[in-house]
Amino acid sequence: MSLDLVFPPNCSFCHSHLETSAAGLICDACRLELTDQRAACERCGSTAKAQDGPAATCPHCARERLYFDATVRLGSYEGSRRTAVLRIKKPSERGLAITLCDLLFASNRQRLVALGAEAVVPVPMHWSRKMWRGANSPETISERLSRHLDLPMAAQLLARCRRTAPQASLSPNKRLANVRGAFRARKHVDLPGARLLLVDDIMTTGATLNEAAKVLRRAGANFIAVAVVARAEGLA
């Protein structure tokens, strides 16, 4: 007996009824709405404008010193993707977080494989905030992505050693100071020379991911790519 008969599947985003769960827990309309087909800068993930050239001429890449080498995203942080990212911060929306990861992988499969990462590293949440919130969506996304890529999830490589204020409440300049010194890399025999895929749910200014990448790179990582569900525009 099919489980779909016992537990009728619903879209994890709009909750509409699905005839089958074979293609994942998302309806065709939401799949299309959540997937962004626009080109983006391969370095920082910003949506590419028609006049933009390579990453070296991307306004954000030219202005900031980035410690990561590439960014893979599902889309920009707007509309339904913004709603979805805010929802997956709740423990009850784990299914939606998994669905978003599936979409991220499906729309970027070749590029993610070509990165040649050796491990998937979630951006950690401070233990006190995780206890209060009950979930860390980057961990859920990382766990699923590691299965898609057949890679280990190395959550132990990076730790959040200081509880920071929520980045969303701060200006771009204050975000840099807020996360400075917030992470530390844990010693691991496989870290020197490693190629890592660093995962978060959203990149806004890039301050958090850049700080995390800097710590991993100074600990010996040779290549760091970033994977996010959404990339904010106009804040960098």
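With sequence neighbours excluded, the residues that form a side chain to side chain donor-acceptor pair (under 3.5 Å) with Thr99 are Ser12. By the salt bridge (charged side-chain N to carboxylate O under 4.0 Å, His left out) test, Arg147 pairs with Glu143, sequence neighbours left out. Asp36 meets the salt bridge (charged side-chain N to carboxylate O under 4.0 Å, His left out) test with Arg38, Arg73, Arg81; sequence neighbours excluded. By the salt bridge (charged side-chain N to carboxylate O under 4.0 Å, His left out) test, Lys89 pairs with Asp201, sequence neighbours left out. Under the rule for a side chain to side chain donor-acceptor pair (under 3.5 Å), the partners of Ser80 that lie at least two apart in sequence or sit in another chain are Glu33. Listed by chain and residue number, Glu93 satisfy the side chain to side chain donor-acceptor pair (under 3.5 Å) test with Arg87 (two or more places apart in sequence, or in another chain).
Taking CG of Leu103 as the start and CG of Leu32 as the end, the distance is 10.5 Å to the nearest 0.5 Å. With rounding to the nearest 0.5 angstrom, the CG atom of Leu197 is 10.0 Å from the OG atom of Ser146. Taking CG of Leu216 as the reference point, atom CZ of Arg184 lies at 12.5 Å (rounded to 0.5 Å). Here Leu157 contributes atom CG and Arg186 contributes atom CZ; the two are 9.0 Å apart, rounded to the nearest 0.5 Å. The structure places CG of Leu100 at 12.5 Å from CG of Leu145, a figure rounded to the nearest 0.5 Å. Here CZ of Phe68 is found 5.0 Å from CG of Asn210. Values are rounded to the nearest 0.5 Å.
Cluster annotation: Val72 is connected to Leu34 through the hydrophobic network of ILVMFWY side chains, with a link wherever side-chain heavy atoms come within less than 4.5 Å. Val121 and Tyr67 sit in two unconnected hydrophobic clusters of ILVMFWY residues. Membership requires side-chain heavy atoms under 4.5 Å apart, directly or through other members. In terms of hydrophobic clustering, with Ile, Leu, Val, Met, Phe, Trp and Tyr side chains grouped at heavy-atom distances under 4.5 Å, Met153 and Val226 are assigned to different clusters. Linking Ile, Leu, Val, Met, Phe, Trp and Tyr residues whenever their side-chain heavy atoms come within less than 4.5 Å places Val199 and Leu115 in a single cluster.
The only option from Arg195, Arg43, Arg217 that meets the side chain to side chain donor-acceptor pair (under 3.5 Å) definition with Asp69 turns out to be Arg217.
Between Ala185 and Val215, the shortest heavy-atom distance links the atoms N-CG1, 3.3 Å. Residue Ala40 comes nearest to Gly45 through the heavy atom pair CB-O, 3.6 Å, listed as atom of the first residue, atom of the second, then distance. For Phe13 against Cys30, the heavy-atom pair with the smallest separation is CD2-SG, 3.6 Å. Contact detail for Ile26 and Cys11: the closest heavy-atom pair is CA-SG, 3.7 Å. Closest heavy-atom contact between Pro122 and Val120: CD-O, 3.8 Å. In plain terms, the two heavy atoms of Leu25 and Pro9 that are nearest each other are CD2-CB, 3.9 Å.
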Stepwise, does the side chain to side chain donor-acceptor pair (under 3.5 Å) test hold for Ser76 with Glu233?
-> CA-CA 7 Å; Ser76 61; Glu233 309 291 345; 4.8 Å; no

Could you check Tyr77 against Leu86 for side-chain contact (heavy atoms from CB on, under 4.5 Å), going step by step and ending with a plain yes or no?
-> CA-CA 10 Å; Tyr77 184 59; Leu86 293 175; 3.5 Å; yes

Apply the test side-chain contact (heavy atoms from CB on, under 4.5 Å) to residues Thr71 and Cys41: give CA-CA distance (whole Å), side-chain angles for both, the deciding distance (0.1 Å), then the verdict.
-> CA-CA 8 Å; Thr71 298; Cys41 173; over 6 Å; no

Check against side-chain contact (heavy atoms from CB on, under 4.5 Å), Arg160 and Val123 = CA-CA 8 Å; Arg160 199 162 198 137; Val123 170; 4.1 Å; yes

Go through Phe183 and Glu211 one step at a time and tell me if the side-chain contact (heavy atoms from CB on, under 4.5 Å) criterion holds.
-> CA-CA 8 Å; Phe183 301 101; Glu211 182 69 16; 3.8 Å; yes

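Between the side chains of Ser46 and Arg231, at least one donor N or O lies within less than 3.5 Å of an accepting N or O.
Thr140 has its side chain within reach of Ile98: a pair of non-hydrogen atoms, C-beta onward, lies under 4.5 Å apart. Looking only at side-chain heavy atoms (C-beta outward), Leu191 and Leu196 come within less than 4.5 Å of each other. Side-chain atoms of Ile141 and Ile88, non-hydrogen and from C-beta on, do get closer than 4.5 Å to each other.
Here the side chain of Arg111 pairs a donor or acceptor atom with the backbone of Glu42 at under 3.5 angstrom.
Under 4.0 Å is where a charged nitrogen must lie from a carboxylate oxygen, and between Asp102 and Arg31 no such pair does.
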